[in-house]
Asks: 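Right, I'll just put the structure down here and ask away after.
The sequence lines fix the lettering, A, B, ..., with proteins before strands; numbering per chain opens at 1. Treat the numbers as computed from the prediction; the structure is a model and nothing was measured.
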Amino acid sequence: MLTPMQKDVLVELFNIHVGASASLLSSMVNQKIILSIPEIELISGDDLNLFSFEQAGIFDSGEAVLSSIKFGSEFKGTAFVVFPADKAGLLVNACLGIDSDDRDNVKGELTYEEIDVMKEICNVTLNSVIGEFGNLLDLKIEFMTPEVEFSRISSISKENIVGENSHILVLLTSFFLERSSIKGIILISLNDRSVQITIDMINGLLED
Amino acid sequence: MIELYYKALRKTGIGIIILDDKHNIVFFNSTIEKLCSISERNAVGRKIEEILPVFSSLKYKELIDKVILTGQSRFCSSALHKSFVYSKDENRDMRRQNMKVEFISVQDMPYVLIQIMDITDVNDNENYLQNSINQLKKGYEDLNFTKLATERLAKYDALTGLLNRYYFEMKFKELVKDVNYKNEKFGIIFIDLDGFKKINDDNGHMVGDALLQLIASKIKNNLKKSEFAMRIGGDEFVIATRNLYGDNYIEKMAIKLLDALRKPYYIDNKVINITASVGISMYPDHAKNLGDLIDKADKAMYFSKSNGKNMVQLYSDYM
């Protein structure tokens, strides 16, 4: 649904902004974290297929950590960030300064404390992504703090992600840590009006 | 109603602070009062940085400013930030608090809502539980290890790792059944080390034990899968070996083993040389039970020892 040029513009804009959030995470944890969004796609809600992410090897274990926030008002939607559960532990370890080899279990069984760390990571990440929309659209976007849940990819309902909206902006995301990288997905569920605002904004930038 | 909301907010168990866009405290509930030992009356109208020192750091000033500017909410986890509200004589690191910072607007006036969730006790309990779980896990591992070690001791000689008498007898019974079924023979090889006592006396027990271990290792390395060995006495070993390759196989095997045992051993910067006297008895030719077979192999070994040592002798009735 996006032309290659439109995708390139979005990728570049998001990478500038998420770079800032990666710096924020890095300063919080005294460790270099690089966040990259190499690919963006806009699809209709009907075409969303979470199973394809599992097949693409992003969610080898089939278990995922899912965090979401709703945002509104003029530019409205819900943003989700989804990580493989087995890798979430590595990300938490990196933030806590724990050597991953010390971790008994990296399969996604996080303690309450570690869930809070994931919440903060997802909060910072989604803030930067949605914040970028706000900057580009010159709009103040209100949103809540995210919640975190664990699910099997196969049991995450498409309806819960798409909701009443019509389209999904899919952002493939990578966190680069000192010794590993972790892939995740950001899904931004948008209604028709929000999609139109987005496309108009991109086209405006391209004309400039 | 407003009075009701005010009283409810004052009493709620979550710490609540409301700031204006200049970071001045507008509201402060009783939970925050208890945590920092400062009353709301002394806090309202003053900057949060003056009342709660943590917020004077650039990181949190910028966080609050960003919330005001963008309308974004921020969640700060106790694991990464430790705590935000504590009294002057308290160590910040002893508390654990999560914080939510959100933008609210009332009649177009911007405010910041800060919620502090003190989870120090929950964290302590979780750490205590986690430690208990870790201790249980360790205990289970130790128990498992002890169980495996006990099982091992029940079957194997602690020093050499060869079978002990009990396990050797079990395997002997299985061997007898098998060879009877296949109408085969097998041999019992009895090995007695020559001059081991002198080596032990001259070099000490540690060297003696090390030598026994190395000899046991050589014996194991020279056995086929179906063959097995035990240490029957201080420096005596018994091997059960199947006679699969003709009448002289076992004698040839014993000679080859003796050659291997004769090679020098390097222990504790010393070179130790040792030989062995070896006797062989055959099932069912010489006897049919283990005790008699060992007895006859022992007699053959004694014949070797009496006739120059360092040799292999098959049992014969004249011994």
Side-chain angles (χ1 to χ4, degrees), chain A residues 17 20-21 23-31 67 69-75 79 92-98 102 104-105 109-135 137-148, chain B residues 14 21 57-60 62-63 65-84 96-106 108 110-131 133-138 140-141:
Chain A
H17 220 78
S21 76
S23 299
L24 175 59
L25 276 175
S26 298
S27 68
M28 269 161 47
V29 305
N30 290 323
Q31 184 182 150
S67 181
I69 54 167
K70 286 186 172 17
F71 56 92
S73 43
E74 198 181 337
F75 184 74
V92 167
N93 273 5
C95 290
L96 292 173
I98 296 169
D102 288 344
D104 287 336
N105 175 11
E109 291 173 15
L110 302 181
T111 63
Y112 284 115
E113 193 179 67
E114 289 166 340
I115 289 172
D116 284 343
V117 175
M118 273 312 296
K119 227 190 257 192
E120 185 162 357
I121 294 167
C122 294
N123 177 206
V124 168
T125 306
L126 288 176
N127 275 358
S128 71
V129 168
I130 304 304
E132 176 59 15
F133 272 111
N135 284 339
L137 302 172
D138 199 21
L139 288 175
K140 188 162 180 166
I141 300 180
E142 291 185 14
F143 39 115
M144 315 292 285
T145 48
E147 291 306 318
V148 177
Chain B
I14 294 175
D21 60 346
S57 82
L58 188 62
K59 180 163 66 174
Y60 297 112
E62 287 180 345
L63 186 153
D65 285 339
K66 195 163 184 186
V67 166
I68 295 168
L69 184 66
T70 64
Q72 289 178 356
S73 305
R74 265 304 301 273
F75 174 81
C76 296
S77 66
S78 62
L80 295 177
H81 300 268
K82 306 283 185 281
S83 64
F84 306 93
R96 288 290 178 270
Q97 294 164 350
N98 288 338
M99 179 173 74
K100 269 192 200 179
V101 184
E102 293 170 277
F103 174 82
I104 51 175
S105 169
V106 177
D108 289 333
Y111 296 94
V112 174
L113 171 66
I114 300 175
Q115 296 178 68
I116 302 289
M117 287 136 288
D118 193 282
I119 55 168
T120 309
D121 289 344
V122 170
N123 203 60
D124 287 347
N125 285 343
E126 190 177 320
N127 286 343
Y128 176 77
L129 269 172
Q130 192 61 49
N131 285 339
I133 289 168
N134 290 343
Q135 278 179 7
L136 276 170
K137 265 191 196 167
K138 175 93 182 32
Y140 176 75
E141 280 165 10

Asks: For the interface with chain A, which of B:Gly71, B:Cys76, B:Ser77, B:Ser105 has the highest count of heavy-atom pairs at distances below 4.5 Å?
Replies: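 Ranked by contacts with chain A, first place is B:Ser77.
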
Asks: Rounded to the nearest 0.5 Å, what separation is found between the CG atom of A:Asp116 and the CZ atom of B:Arg96?
Replies: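 The CZ atom of B:Arg96 is 11.5 Å from CG of A:Asp116, to the nearest 0.5 Å.
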
Asks: Nearest 0.5 Å, what's the CG-CD1 distance between B:Leu80 and A:Ile121?
Replies: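 Reported value, rounded in 0.5 Å steps: 7.0 Å.
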
Asks: On a heavy-atom basis, which atom in B:Ala79 and which in A:Glu113 lie closest, and how many Å separate them?
Replies: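 Distance-wise, the nearest heavy atoms are CB-CG, 3.4 Å.
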
Asks: Considering non-hydrogen atoms only, spot the tightest contact between A:Asn127 and B:Arg74 and give its length.
Replies: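 So the minimum-distance heavy-atom pair works out to ND2-CD, 3.5 Å.
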
